[in-house]
Amino acid sequence: MMAQTEQWMQSKVEYDHSTGFYRVGREHDEPLSTNVVLSVAAIEGVRPTELPPLARTIDPDALDQVFCGTDDAILSFSYAGYRVAIHAADRIEITPIDETRALTRN
């Protein structure tokens, strides 16, 4: 599973030094909730199972369904020390809540 998060980090996650957040192009072969967990795990350099369950923050099934058929919605929530903003189901922006976290990960 660690190889999956490393591959995800290399191929999907991009850090923007000017804004201090990570951009993730959504992988439509995976549910949106899975995209979020894999992205945060990749940023943290841990296995997804080492993160708190997403369901403690937001209903994963509702998250997966909220963007069906819409292209102008934005949803933002906190998860595992990050602010996650989902833009119209095609882009995810992840910002460390603690600014020092970004500096130690890059």
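Throughout, numbering of the chain's residues begins at 1 and tracks the sequence.
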Residue pair Val37 / Pro48: nearest heavy atoms and the distance that separates them:
CG1-CB, 3.7 Å
Restricting to non-hydrogen atoms, name the atom on Asp64 and the atom on Ser33 that form the minimum distance, rounded to 0.1 Å.
OD1-N, 2.7 Å
Residue pair Thr57 / Ser78: nearest heavy atoms and the distance that separates them:
CG2-O, 2.6 Å
Should Tyr22 and Ile74 be regarded as members of a common hydrophobic cluster, given that ILVMFWY residues are connected when their side-chain heavy atoms come within less than 4.5 Å of each other, either directly or indirectly?
no
Is there side-chain contact between Leu54 and Leu63, with heavy atoms separated by less than 4.5 Å?
yes
Close side-chain approach of Tyr79 to Arg56, heavy-atom, < 4.5 Å
no
I'd like to know whether Tyr82 forms a side-chain contact (heavy atoms from CB on, under 4.5 Å) with Asp98, so could you lay out the CA-CA distance, the side-chain angles of the two residues, the decisive distance to 0.1 Å, and finally the verdict.
CA-CA 8 Å; Tyr82 292 88; Asp98 177 1; over 6 Å; no
Please report the closest heavy-atom contact between Ile94 and Ser39, naming both atoms and the distance.
CD1-CB, 3.6 Å
Just jot down the side chain to side chain contact (heavy atoms under 4.5 Å, CB included) partners of Thr95, sequence neighbours excluded, or say none.
Phe21, Arg83
Using modelled atom types and a 3.5 Å cut-off, is there a donor and acceptor pairing between side-chain atoms of Glu50 and backbone atoms of Arg47?
yes
Any side-chain heavy atom of Ile92 within less than 4.5 Å of one from Arg23?
no
Please report the C-alpha distance between Glu93 and His87 in whole Å, then the side-chain angles of each, then the deciding distance to 0.1 Å, and finally whether the side-chain contact (heavy atoms from CB on, under 4.5 Å) criterion is met.
CA-CA 8 Å; Glu93 293 175 353; His87 297 264; 3.3 Å; yes
Heavy-atom closest contact (Ala80 atom, Val40 atom, distance):
CB-CG1, 4.1 Å
If the test is side chain to side chain contact (heavy atoms under 4.5 Å, CB included), which one of Asn35, Val24, Val36 qualifies with Ile86?
Val36
